[in-house]
2 protein chains.
Amino acid sequence: MRFMIATKQKLLDGAIAAIREHGVAGVSARTIAATAGVNQALVFYHYGSVHELLAAACRAATQTRVDAYRERFAAVTSLRELLDLGRALHEEERELGNVKVLAQLLAGAQVDEKLVAPTASALALWTAEIESVLSRILAGSPIAEIAQVRGLAHAVAASFVGLELYEGADPAGARNAFSALEQLAVLLEVAEDLGPVARRALRSRLAKARRPRVSP
Amino acid sequence: MRFMIATKQKLLDGAIAAIREHGVAGVSARTIAATAGVNQALVFYHYGSVHELLAAACRAATQTRVDAYRERFAAVTSLRELLDLGRALHEEERELGNVKVLAQLLAGAQVDEKLVAPTASALALWTAEIESVLSRILAGSPIAEIAQVRGLAHAVAASFVGLELYEGADPAGARNAFSALEQLAVLLEVAEDLGPVARRALRSRLAKARRPRVSP
DNA sequence: GTCTATAGCTGGATAGAC
DNA sequence: GTCTATCCAGCTATAGAC
């Protein structure tokens, strides 16, 4: 994929731009081609179908975004820093419209099973990144004893997408939700700094709750 | 709305059933009418347009579901009970397909601004219920000092929707996320039972973080 | 590789008979 | 209130000229 003729790349970019502009329900070979500034028939010549183009665009766009954040993810050393990065990422990607694209694809995947696989692998790129940071900074933390790191990574990704969609319907509500979650994060910081006595207390509570098995 | 002729009601039910079955992108006057077992032209006679029918159906269906849970919400007296009810609600509504309908409408609202208002008011019905329970059971709790109750209610609703959409693309990931969040809830329980010393420590940390203003 | 043209289908919406 | 019939727009996908 290192070398790609101009038209194929234009179609990839056009597909993402079209989703951003019209939503997944509003994309078609015609709208994509118009956005890309190329002929409509080329969608089928290069990608066979609209779905396959969307799948390719989803994959390429997500990879690009994840790569763009890799260094910043790697630089994170605390929960607070991760939360700050999360906030920044949300705002930057919102500006660029990329979180919207992911949310749209996720919504589209509910309807169209041909979108399930590409969407799932796009989400996986993000959650893998989050999981690797979490497992690094939560090593030895009581939080890691309480919840599966992989599950947390999935929860973070799912909540992000949910908040993004929520914002489209109720912007003020979404802002309040974001603020509340950030404030709640203070609790996690406190938990991270627990002394041995408090840790024992937490552990005894944990014993009462069943520890779920994580799926692969 | 207490008395409604049979056909109008059939169309309302048909609209919800059609969304459940085909997703927002797959609903049309024809599919709704077919699901409802009535003539396609009646969509326009009774509701003027497909969008207006969807708005009415969204409103009616959500009200019905919220009403069905009102007593159970009212019976909740602790955070743990609320979480259990949340889990039960998610599973029951998932079974009935209603969370899917809400998620679909939310996705549709990103695309079609005519869906924004009905979707927002449907979400508001849920968040109002959650907020009233939260403010009751969190009265005097340090959690209420940390985060705005209304913001928390919005966050819960948004995360629920996000998880529902996530489940369509990656079922195993969604299950892990749910488990992780439940385990994390142990932290909230601990916070609820904090003694005076620990509360003071928490409060001093809180002072460092700015308390955001809540929107109306 | 890129274009035009078009087949074949589905959808929103309306007119007018009953 | 309900039905049939129909118009027109937009869609996927392909055939075939260049």
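Below, each value reflects all heavy atoms present in this structure, side chains not excepted, and no hydrogens, waters or symmetry copies. To find a chain, count down the sequence lines: A is the first, B the second, and so on, and within it residues start at 1.
Residues forming a salt bridge (Lys or Arg N to Asp or Glu O under 4.0 Å) with A:Glu81 (at least two apart in sequence, or on another chain): none. With sequence neighbours excluded, no residue satisfies side-chain hydrogen bond (donor to acceptor under 3.5 Å, both in side chains) with A:Asp84. Taking the side-chain hydrogen bond (donor to acceptor under 3.5 Å, both in side chains) definition, one finds that A:Ser159 meets it with B:Ser159, sequence neighbours left out. Partners of A:Asp13 according to the side-chain hydrogen bond (donor to acceptor under 3.5 Å, both in side chains) rule, which considers only residues two or more places apart in sequence or in another chain, are A:Gln9. With sequence neighbours left out, B:Gln104 forms a side-chain hydrogen bond (donor to acceptor under 3.5 Å, both in side chains) with no residue at all. Among residues two or more places apart in sequence or in another chain, the salt bridge (Lys or Arg N to Asp or Glu O under 4.0 Å) test is passed with A:Glu52 by none. Taking the salt bridge (Lys or Arg N to Asp or Glu O under 4.0 Å) definition, one finds that A:Arg59 meets it with nothing, sequence neighbours left out.
Proximity of A:Trp126 to A:Val161: side-chain heavy atoms (C-beta onward) are nowhere separated by under 4.5 Å.
Residue B:Arg30 contributes atom CZ, which lies 11 Å from atom C1' of D:dC7 at whole-angstrom precision.
Taking the 5' to 3' direction, DNA chain C first and last meets chain A under 4.0 angstrom from a heavy atom at C:dG1 to C:dT4.
Near-neighbour residues of DNA chain D inside residues 35-50 of chain B, defined by a heavy atom below 4.0 Å, number-ordered: B:Asn39, B:Ala41, B:Leu42, B:Tyr45, B:His46.
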